[in-house]
Number of protein chains: 2
Amino acid sequence: MIVIDYQNRKPIYEQIVERFQMLIIKGVLEADTQMPSVRSLAAELSINPNTIQKAYSILEQQGFIYPVKGRGAFVSGNQALKEKKTEVFFGKLKELVKEGKEIGISRDLCLQKTAQFYEEVET
Amino acid sequence: MIVIDYQNRKPIYEQIVERFQMLIIKGVLEADTQMPSVRSLAAELSINPNTIQKAYSILEQQGFIYPVKGRGAFVSGNQALKEKKTEVFFGKLKELVKEGKEIGISRDLCLQKTAQFYEEVET
DNA sequence: TATGTGTACTATGTATCATAGTACACTTAG
DNA sequence: CTAAGTGTACTATGATACATAGTACACATA
């Protein structure tokens, strides 16, 4: 479920955060589902438990999961999360489109490619 | 001409590289224009000359500039650069659109926002 | 009671980034 | 020829982020 790319410049904890964000937003992990324990996930990925804990604390801070003392961490059922993620997405898109226009990409080509890429995505 | 954002996570040398890439691609710096010298730019930005050198060596490797011993560095007149940058841009766009679709952004909203952001860009 | 859970520490090693300083070969203005 | 400015190549040092290693505590549950 979680894969670490050691070629990636992003730190491990950040990769884990983003992966779980996606799984939760897409509904693969439903509300109140129990998350893998810090220690078990660390063992599974062969990394340090502290790294998992760091990822979980960020996910908790962002409202994606909630911890229960002595029991574990669970997926939060917050509908506002999707809206937040959407907001972040449009922020990125705006930056990228700005860059595209600056390097001389035409409006029409930009739209055409966007549509094309959208179709190409495999579910 | 060059501004360093110390709040940015990106390292200084990378910010300098990207800034010059943009200036060259947009044509602000024309072919065979002399680049600021390593030492003078370092002094102007109040950073270490080694940092500038690192940025310049990357720009040279990417074909954006060419060095002349004892004289300085100059802007390369390579037309292929724009195409390369365009290729990189579409790679990023594809990744972003994929993410958008995964979190449930509709095709139409994606296109609408892209067009909107394109219009909003100030030149 | 024993095990598994989240959480909070300290300490250590590593890699990247940036700085500091020095040095050399080259070009050019004087 | 000389001096100043150029790119280039080193070594050394410090700061920071990242990841690991190890320990410890309170809690829930079989």
Side-chain angles (χ1 to χ4, degrees), chain A residues 1-21 24 29 31-77, chain B residues 1-21 24 29 31-77:
Chain A
M1 184 173 293
I2 302 292
V3 178
I4 299 175
D5 177 11
Y6 287 100
Q7 311 302 322
N8 197 321
R9 285 209 337 185
K10 285 181 186 171
I12 297 175
Y13 79 92
E14 204 168 306
Q15 293 185 40
I16 294 173
V17 165
E18 293 182 357
R19 184 76 179 118
F20 274 118
Q21 285 178 340
I24 293 172
L29 292 177
D32 301 320
T33 302
Q34 182 160 12
M35 297 281 287
S37 80
V38 168
R39 291 173 180 83
S40 66
L41 184 56
E44 183 187 338
L45 300 180
S46 300
I47 61 177
N48 195 282
N50 291 336
T51 305
I52 305 293
Q53 189 196 336
K54 185 169 186 177
Y56 277 22
S57 68
I58 293 175
L59 286 168
E60 180 198 349
Q61 185 193 341
Q62 295 177 335
F64 282 87
I65 63 178
Y66 61 92
V68 179
K69 283 245 179 179
R71 292 198 51 222
F74 300 85
V75 175
S76 172
Chain B
M1 186 173 295
I2 301 291
V3 179
I4 297 176
D5 176 12
Y6 287 99
Q7 311 302 322
N8 197 323
R9 284 208 339 185
K10 285 182 186 170
I12 296 175
Y13 78 92
E14 205 169 305
Q15 293 185 39
I16 294 173
V17 166
E18 293 182 358
R19 184 74 178 120
F20 274 118
Q21 285 178 340
I24 293 172
L29 294 177
D32 300 319
T33 302
Q34 183 160 11
M35 297 280 288
S37 79
V38 168
R39 292 173 180 80
S40 65
L41 184 56
E44 183 186 337
L45 300 179
S46 300
I47 62 178
N48 194 284
N50 291 336
T51 304
I52 306 292
Q53 189 196 335
K54 184 167 187 176
Y56 276 22
S57 68
I58 293 174
L59 286 168
E60 179 198 352
Q61 184 194 340
Q62 294 177 336
F64 282 87
I65 65 178
Y66 61 92
V68 180
K69 284 245 179 181
R71 292 198 54 221
F74 299 85
V75 175
S76 173

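It should be emphasised that the depicted structure is a prediction, and the values quoted were computed from it without experimental measurement. FYI, side chains are in, hydrogens and waters are out, and symmetry mates aren't considered; it's all heavy atoms of this structure. So you know, we letter chains A, B, ... as the sequences are listed, proteins then strands, and number each from 1.
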* Nearest-nucleotide pick for A:Pro11, side chain only, options being C:dA23, C:dT7, D:dA19 -> D:dA19
* Find the distance B:Arg9:CZ to C:dT16:P and express it as a whole number of Å. => 16 Å
* Taking only N and O in the side chain of A:Lys54, is any of them less than 4.0 Å away from OP1 or OP2 of D:dA19? -> no
* Asked: Tell me, do A:Arg19 and A:Ile4 make a side-chain contact under 4.5 Å, heavy atoms counted?
  -> no
* Asked: Under the 3.5 angstrom rule, does the side chain of A:Ser76 hit a backbone N or O of A:Gly63 as a donor-acceptor pair?
  -> yes
* To do: Quickly work out the A:Gln53 CD to D:dC25 P distance and round it to whole Å.
  => 17 Å
* A:Ile52 has an atom CD1; how far is it from atom P of D:dC18, in whole Å? -> 15 Å
Kindly give the atom pairs (protein nitrogen or oxygen, nucleotide nitrogen or oxygen) under 3.5 Å for nucleotides 27-30 of chain C.
{"residue": "C:dT28", "atom": "OP1", "partner": "B:Arg71", "partner atom": "NE", "Å": "3.4"}

* Looking at every strand, decide which applies to A:Glu14 at a 4.0 Å heavy-atom threshold: base, sugar-phosphate, or nothing. => nothing
* To do: Nearest whole angstrom, please: distance from the P of C:dA18 to the CG of B:Asp5.
  => 12 Å
* From C:dT19, D:dT20, C:dT5, nucleotide with atom closest to A:Arg39 side chain -> C:dT5
* When the distance from OH of B:Tyr6 to P of D:dT16 is rounded to whole Å, what number comes out? -> 14 Å
* What nucleotide among C:dG6, D:dT20, D:dT8 has an atom nearest to a side-chain atom of A:Thr51? -> D:dT20
* **Distance, rounded to the nearest Å, where B:Lys10 contributes NZ and C:dT16 contributes C1'** => 17 Å
* Within this structure, what is the CD-to-C1' distance between B:Glu60 and D:dG7, rounded to whole angstrom? -> 10 Å
* To do: Verify the contact: side-chain N or O of B:Tyr13 to OP1 or OP2 of C:dA18, cut-off strictly under 4.0 Å; return yes or no.
  => no
* Asked: Hey, what do you get for CD1 (A:Ile58) to CD (A:Glu18), rounding to the nearest 0.5 Å?
  -> 10.0 Å
* Structure fact -> By nearest-heavy-atom nucleotide on DNA chain D, the more 5' of B:Met35 and A:Asn48 is B:Met35
* Qualifying residues under salt bridge (charged side-chain N to carboxylate O under 4.0 Å, His left out), relative to B:Glu60, sequence neighbours excluded -> none
* Heavy atoms only: give me the nearest B:Gln15-B:Val3 pair and the separation to one decimal. => OE1-O, 4.2 Å
* Would you tell me whether B:Asn48 and B:Tyr13 have side-chain atoms, one donor and one acceptor, within less than 3.5 Å of each other? => no
* Is any side-chain nitrogen or oxygen of B:Tyr56 closer than 4.0 Å to OP1 or OP2 of D:dG7? -> no
* **Protein-nucleotide distance (B:Gln34, atom CD; D:dT6, atom P), rounded to Å** => 8 Å
* Taking A:Gln34 for its side chain and A:Arg71 for its backbone only, find out whether a donor-acceptor pair lies under 3.5 Å. => yes
* Presence of B:Ser37 side-chain N/O under 4.0 Å of D:dT6 phosphate oxygens OP1/OP2 -> yes
